[in-house]
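Hydrogens, waters and symmetry mates play no part in the numbers below; they use all other heavy atoms, side chains included.
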Amino acid sequence: MPPIVAVVIAYLLGGIPAAYLAGRLLRGIDLREHGSGNLGTTNVYRVLGARAAIPVFAFDIAKGAAAVLLLPRFTHSPDAGIWALAYGLAAIAGHMRSPYLLWSSGGKGVATALGVFVALVPWATLTALAAWIAVFALSRFVSLASLTSAVVLPTAIAIFDGVRSPVFVLSVIVSLAVIWMHRANIDRLVHGQEHRVGHGRTAA
């Protein structure tokens, strides 16, 4: 198929709202009206528990990885590597703004981006993941851990692959998008109103 068709497919794949479906199937609720209102793993965990959050997280990772690993097999282009980056970006964009929910805000893109980059640059992604785990373990803030990994990822890619790598450019674009999607969290962190996992809101 033409690569541009695969971009559309990647966007539609990324847009599958696993968190929304989990809320509807397990509790008959719209997760956008509960908890933080975000269709991401953290809110699924907060409202539905770990048994729902784990498969949602796994699915969101898988759709990012599938866009990068599988779609290039069905397209023919001399620039297959560049198109693979486009498929990954499209999947992340679909996750953030799902067409199935009339482009309302979806998740913040962290899990799907993890799937995309672990398929593209596993060592750099594992470095960012290690940073996420360390910050979360110390702070219990999912948002702070995600923001930290968004900064570490392009830094690690620059070290492993260089700043001229197309993957580095993609990582900067995605990291900026993730930071933008966390702008409300940043405001709450600054004012000491962000939720800690297992502790609710805590003072700065």
Side-chain angles (χ1 to χ4, degrees), residues 3 6-19 38-42 44 53-75 77 79-98 106-137 141-182 185:
V7 170
V8 175
I9 292 174
Y11 180 77
L12 294 175
L13 174 63
I16 298 173
N38 180 254
L39 292 179
T41 303
T42 304
V44 174
I54 291 172
V56 166
F57 182 62
F59 182 82
D60 286 344
I61 291 175
K63 64 188 184 183
V68 173
L69 294 176
L70 298 181
L71 286 175
R73 300 182 182 184
F74 298 96
T75 58
S77 170
D79 300 316
I82 298 299
W83 279 109
L85 302 185
Y87 305 151
L89 183 60
I92 296 168
H95 180 75
M96 290 179 170
R97 297 288 179 181
S98 174
K108 294 175 181 176
V110 176
T112 304
L114 174 60
V116 168
F117 285 102
V118 80
L120 292 170
V121 281
W123 287 111
T125 306
L126 289 175
T127 302
L129 181 60
W132 190 101
I133 293 170
V135 172
F136 176 73
F141 288 127
V142 172
S143 57
L144 183 60
S146 298
L147 289 164
T148 301
S149 64
V151 174
V152 170
L153 178 63
T155 304
I157 293 174
I159 293 171
F160 284 107
D161 296 328
V163 295
R164 295 185 179 181
S165 166
V167 181
F168 172 75
V169 176
L170 176 66
S171 72
V172 171
I173 294 171
V174 171
S175 293
L176 290 174
V178 167
I179 292 169
W180 172 255
M181 294 295 286
H182 280 82
N185 302 87

(request) Nearest 0.5 Å please: distance from the CG atom of Leu13 over to the CG atom of Leu70. (result) 9.0 Å
(request) Could you grab the distance from atom OG1 of Thr112 to atom CZ of Phe57, nearest 0.5 Å is fine? (result) 9.5 Å
I'd like to check [X] versus [Y] (side-chain heavy atoms, cut-off strictly below 4.5 Å). Are they in contact?
X: Phe117; Y: Leu153; answer: yes
X: Phe136; Y: Leu144; answer: no
X: Leu114; Y: Trp132; answer: no

What's the shortest heavy-atom distance between [X] and [Y], and which atoms?
X: Gly14; Y: Lys63; value: O-NZ, 2.8 Å
X: Pro166; Y: Leu85; value: CB-CD1, 3.5 Å
X: Ser175; Y: Pro154; value: OG-CD, 3.4 Å
X: Val121; Y: Thr125; value: O-OG1, 2.8 Å
X: Val116; Y: Gly64; value: CG2-O, 3.5 Å
X: Ala128; Y: Ser149; value: O-CB, 3.5 Å

(request) Test side chain to side chain contact (heavy atoms under 4.5 Å, CB included) on Thr127 and Phe160 and set out the steps. (result) CA-CA 11 Å; Thr127 302; Phe160 284 107; 3.9 Å; yes
According to side-chain contact (heavy atoms from CB on, under 4.5 Å), who are the partners of [X], at least two apart in sequence or on a separate chain?
X: Ala19; value: Leu31, Leu39, Val44, Val56
X: Val110; value: Ser146, Val178, His182
X: Val163; value: Ala158, Phe168

(request) Decide yes or no on side chain to side chain contact (heavy atoms under 4.5 Å, CB included) for Leu120 and Leu170, but give the supporting numbers first. (result) CA-CA 11 Å; Leu120 292 170; Leu170 176 66; 4.0 Å; yes
(request) Report the C-alpha distance between Lys108 and Thr42 in whole Å, list the side-chain angles of each, state the deciding distance to 0.1 Å, and finish with yes or no for side chain to side chain contact (heavy atoms under 4.5 Å, CB included). (result) CA-CA 10 Å; Lys108 294 175 181 176; Thr42 304; over 6 Å; no
